[in-house]
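Here's the structure, in structure tokens; my notes come after.
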Amino acid sequence: MLTPTRVLRASYSSTLRLPKSPFPPRPLPEKTPLYLQRCTDDLYAWQRARKAKPFTLHDGPPYANGPLHIGHALNKITKDVICRFHVSQGNKVSYIPGWDCHGLPIEIKALQAAKKSLGDTDAVAIRSAARELAATTVEAQKHGFREWGVMGDWDNAYKTMEKGFELRQLEVFKKMWEKGLVYRQFKPVYWSPSSRTALAEAELEYDEGYKSLAAFVRFPTQITKDLMAKLQDKGVKGNVNVVIWTTTPWTLPANKAIAVHRDMEYCVVRDAGKDSELTFVAATRVAEYEKVLERKLEVVVSRLRGSDLAGNLQYENPFQKASGPQPIIHADFVTDSSGTGLVHFAPGHGMDDYHVCQAMGIPAFAPVDDAGTFTKDAFPEQPELLEGLPVSDEKKTGTRAICDYLEKQGLLRAKQNYRHKYPIDWRTKQPVIVRATEQWFADVGDLKDASMKAIADVNFLPETGRPRLESFIQGRSQWCISRQRAWGVPIPALYKVQGDSLEATMDAKTIGHLINTIKERGIDAWWTDAPSDPIWTPSHLAGTGTYVRGRDTMDVWFDSGTSWTLLPQLKDGPVADVYLEGTDQHRGWFQSSLLTRIATQDYSSGTAHAPYKTLITHGFTLDSDGRKMSKSLGNVISPSQIMNGELLPPVKRKKQKGQAALPYPTYDGMGADALRLWATSSDYMRDVTIGQPVLQSVNQALHKYRVTFKWLLGVLSLPSCPPTFQSFNALRDELPTSSLLSDTLAQHRLAQISADIHTYYARYEFFKSLSTLNRYIAADLSAFYFETLKDRIYTGHTSDCVTLQSHLGLIFYELLQILAPITPLLVEEVWDHVPAALKEKSIHPSQAVWTALPTTNAATSKALDGALDRINEISNAVKVAQEHLRTSKKIGSGLETAVTLVMSPDAIYEFNALLQSCVPHVELDVRTQLSGLLVVSDFEMSATHPDKADVWDRSACEPVVTTNEDSVLAGARVIVHPPRLEKCPRCWRFAKKAEEELCQRCDDVIKEVV
């Protein structure tokens, strides 16, 4: 039998408005393909069809050589958010995804898959295997990118191995040749023995602790008469040696000179431990040389200058005796910071050495082959001693053989292990050497000034990218663009057969003919046609000899660096609005794109433009301990693990009646939006950490969004109170108004966060947008506004509910527009649950132009901010008091309390005036408004402390409001106590008199319903 109270509750339940929505608590996998289609391909096609201001984000192509990793996700999702934001700004976005398909990384992997080592197969087979691998990888990566909700022109995605791309690249090469920017020369380059090819600086990494076997080596000298006379005057009798220190003893067979600095002070020291040997050493290095020898040296001659030695000494290279005497020369870069102050020069193995020696007519010599082993020319007199030995293997085989021979000849003074920074191949992770070979170079020194001027107008995000790119440009004078590999675009050069040698032939007509032949026959014909097939020889060379095609291919940075050619070409500005890649691309793609773009313009006039207006760089992905992710550390995270939730603790599912427990753990997978939210909630312009705490916060935010939207959808779908506004866009065109302070304050806060978030989006600071949004949802909506609304929605007047729906509709649509670039699948899913009538008349939030909501005038805005501050002060104090009462088990709901605010008469007056100025055209009932805002049953202000004999039990809690000295609430006290009226059985507010069945408001609402 029901008690009277239960009868009452049962009878009134049908009069309540309880928001309900079928919106699910988590994404439904079966719906994902539909939502993906709508928010990617459909949206991209829709916005491309409209007439609007163009916006181009040019995609830096990832390598097509492996599965997607978390770095790909950070890169591609960030780009996608930028594109989607510009769609929301009414722009016509162009985003053509691309892939870098040539080069050593893919070639190596293709050969590994075929179980063949480098050089074990012909070029045609290599190219076929590499092409197949790249094509397969492109499709796999494309599928992954699209699963992440990345929209773009996927049907026209570019690949650097496509014929059209390769022909455009060759045309850029031709233009650079015609401007005199391409040349061939025998000079030192970075050479990777493990890859058997030249490398550009951008393909190097550095081992900070590389261990070398360093050596101090003696060379007997021949002294000119003038210097000998000067030495004899100071008591020196006999010959004097020079001693050099080198960290690369394997380069000694290529030694061509020893350098001093003309202005440095040198001396002659006597080594009693070596039969009174005399040696030239820099004066400041004597003490260190003594430590190395572990014995004292006697200085017999001092105050010599480097200029006394340069040109007055000669010596013999023990490995090249047939070459005759070699000179002691001056070089500006010689210092006394290490070694002996005398520097061994091998112009075939050192770039600085090469430039000094070239100016003096000393040729470069590098007796090392492609595999990084000594040739017989390293030691012609005893070739068996060095030939075939590797120069840079872990055991230092070549170096030890050199040192052993020198020691037997009495020329090795000391050797030591030395750790220093050393270049390694970025792909094989093996040491790189410097080796003189004939290569094709681009003269980028000519482009420096124009490049620096062009990037002066570029917007760098972060700004630290500017000096970084500038330093790479300034520090580079040449670019080795040729590679000794098969998988790539050929350098368009012919070689004239001259007996046993080949002489390179290149001119504009030849390049043009070769490009046209490639157009007709395809690029693979370069390798499959007979080497001297006459079809490849241009008419102006016919009859002048036999020509064969070269086998060098272009640097892959030249490939990707010319990708800007696929965009519409603008003569008076950049071709792309944004380039965005990792910070390592300042020395890679950012730089190669800039140089090739500048080189094809009239750069000498100073009017050349960079290919990009804005250059954005993101950091690397690190684990939660700040370590770089690697397979060896076991800390690699795949994007799919974030999407399916398996990095989070398993979800505890309730066992369904009649069903067996699942034999495997289940996870809270939130799909692509979880991955996207992680990427955009990070400050991507720095290194980005990823771990369980970060992912938990991402999932919590997604759940919060879903709960918020579910409740809002329920309010907008109330069958007993359908919304009266025509569309969401109409709400934006004419903002709703309300006589209630709570609605006015809520709309004010919405406008503020709308403006803030829009500003952050425009600056590409998405993590600030999200942190602002998350705080707003948690504090302004969930903890404040929504709490004040539940009573009004569930039990209030229909007119009030309709007013609220307009305000909540505005919030609902604004949240969708804010989240559309970041969580497009969630937005699509929410939109699918919007009441049909509203959906039909409203523009899809991903297609509507999003501008920040307008704010009120300055005076009203200031008043609203002041009111919010005061109300928050009061609310915080009330919550503290209520929590104390709950802990004491004196209350359950906050409606079981009333609040008295005790202030001076002047403060009460000022507070009332402040609140009234927030809603200037309405006479405020402050008591009712504040009780609703604080979600209590009653509120009043008093100039005096209530009488302790009052019937209310006010002793529960009397917190003091913490305020600033200039606050209108300074010195106020908030007193939380039981309300004086009775509990209404319908709305549960303590607002009815004892003799009444319902409170006045509920009684009126029941009459409306009836």
Side-chain angles (χ1 to χ4, degrees), residues 36 39-41 43-44 47-48 54-64 68-89 91-100 138 141-154 156-158 459-462 465 560 563-564 566-567 574-586 588-590 593 611-621 639 672-673 675-686 688 760-767 769-770 820-825 846:
L36 270 175
C39 72
T40 54
D41 294 351
L43 178 62
Y44 189 82
Q47 63 91 31
R48 288 298 296 165
F55 173 86
T56 300
L57 192 155
H58 185 44
D59 192 31
Y63 271 116
L68 297 178
H69 53 70
I70 199 66
H72 286 118
L74 180 66
N75 179 277
K76 276 292 189 287
I77 289 171
T78 304
K79 291 175 180 175
D80 188 59
V81 173
I82 290 174
C83 288
R84 289 177 183 274
F85 170 68
H86 280 279
V87 169
S88 79
Q89 299 309 289
N91 295 329
K92 182 178 180 178
V93 170
S94 171
Y95 175 66
I96 305 173
W99 277 270
D100 206 345
V138 165
Q141 290 190 357
K142 183 190 294 185
H143 177 74
F145 291 147
R146 300 184 80 166
E147 277 192 327
W148 300 345
V150 178
M151 68 174 190
D153 194 354
W154 295 104
N156 294 303
Y158 74 91
N459 177 33
F460 283 81
L461 297 174
S560 60
S563 61
W564 53 265
L566 67 90
L567 303 174
V575 295
D577 293 278
V578 170
Y579 272 39
L580 185 155
E581 298 301 327
T583 186
D584 54 331
Q585 295 307 317
H586 287 110
W589 187 60
F590 292 156
S593 299
Y612 32 74
K613 293 179 183 176
T614 296
L615 198 62
I616 308 175
T617 49
H618 62 75
F620 297 106
T621 52
D673 281 333
L675 184 65
R676 296 176 65 92
L677 197 61
W678 161 76
T680 44
S681 62
S682 309
D683 183 358
Y684 66 91
M685 295 184 196
R686 304 170 181 264
V688 177
Y760 292 139
Y761 262 118
R763 298 202 303 237
Y764 304 137
E765 295 176 326
F766 310 125
F767 74 101
S769 295
L770 280 173
I822 294 174
T823 56
L825 278 87
S846 295

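Because the structure is a prediction, the values reported are computed rather than measured. This chain uses plain numbering: 1 for the first residue, then up along the sequence.
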Could you state the interatomic distance from [atom1] ([X]) to [atom2] ([Y]), rounded to the nearest 0.5 Å?
{"X": "S846", "Y": "L43", "atom1": "OG", "atom2": "CG", "answer": "5.5 Å"}
{"X": "W564", "Y": "S593", "atom1": "CH2", "atom2": "OG", "answer": "9.5 Å"}
{"X": "I616", "Y": "I82", "atom1": "CD1", "atom2": "CD1", "answer": "4.0 Å"}
{"X": "I70", "Y": "I77", "atom1": "CD1", "atom2": "CD1", "answer": "7.5 Å"}
{"X": "D59", "Y": "W589", "atom1": "CG", "atom2": "CH2", "answer": "7.0 Å"}
{"X": "T823", "Y": "L675", "atom1": "OG1", "atom2": "CG", "answer": "12.5 Å"}

Is the closest side-chain heavy-atom distance between [X] and [Y] below 4.5 Å?
{"X": "P97", "Y": "K142", "value": "no"}
{"X": "D80", "Y": "P821", "value": "no"}
{"X": "W678", "Y": "V688", "value": "yes"}
{"X": "W148", "Y": "L68", "value": "yes"}
{"X": "L770", "Y": "T680", "value": "yes"}
{"X": "R676", "Y": "V81", "value": "yes"}
{"X": "P62", "Y": "K76", "value": "yes"}
{"X": "V150", "Y": "T40", "value": "no"}

Taking the six-membered ring for Trp, are H72 and F145 parallel (under 30°), tilted (30 to 60°) or perpendicular (over 60°)?
->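 Correct class here is perpendicular.
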
Aromatic ring pairing Y579/F590, orientation class (parallel under 30°, perpendicular over 60°, tilted between) | tilted

Heavy atoms only: give me the nearest [X]-[Y] pair and the separation to one decimal.
{"X": "C83", "Y": "L57", "answer": "SG-CB, 4.0 Å"}
{"X": "A679", "Y": "L74", "answer": "O-CD1, 3.9 Å"}
{"X": "D41", "Y": "W154", "answer": "OD1-CD1, 4.1 Å"}
{"X": "K613", "Y": "P574", "answer": "CG-CG, 3.6 Å"}
{"X": "R763", "Y": "M685", "answer": "O-CE, 4.4 Å"}
{"X": "I96", "Y": "Y158", "answer": "O-CE2, 3.7 Å"}

Apply side chain to side chain contact (heavy atoms under 4.5 Å, CB included) to M151 and V87, showing your working.
-> CA-CA 11 Å; M151 68 174 190; V87 169; 3.7 Å; yes

Looking at residues at least two apart in the chain, or sitting in another chain, which of them share a side-chain contact (heavy atoms from CB on, under 4.5 Å) with S88?
->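 Scan of S88 (side-chain contact (heavy atoms from CB on, under 4.5 Å), adjacent residues dropped) gives F85, W850.
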
For R48, check side-chain contact (heavy atoms from CB on, under 4.5 Å) against everything at least two apart and list the hits.
-> Y44, K92, S94

May I ask you to check whether F766 and Y760 place their ring centers less than 6.0 Å from one another?
->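 No - the distance between ring centres of F766 and Y760 does not fall below the 6.0 Å cut-off.
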
With H618 as partner, the option from T78, D683, N75 fulfilling side-chain hydrogen bond (donor to acceptor under 3.5 Å, both in side chains) is N75

Step by step, work out the side chain to side chain contact (heavy atoms under 4.5 Å, CB included) result for F460 and T617.
-> CA-CA 8 Å; F460 283 81; T617 49; over 6 Å; no

Checking side chain to side chain contact (heavy atoms under 4.5 Å, CB included) for the pair H58/L566: CA distance, chi angles, key distance, verdict?
-> CA-CA 10 Å; H58 185 44; L566 67 90; 4.2 Å; yes

Check whether the side chains of W99 and Q141 place a donor and an acceptor atom closer than 3.5 Å, and report yes or no.
-> yes

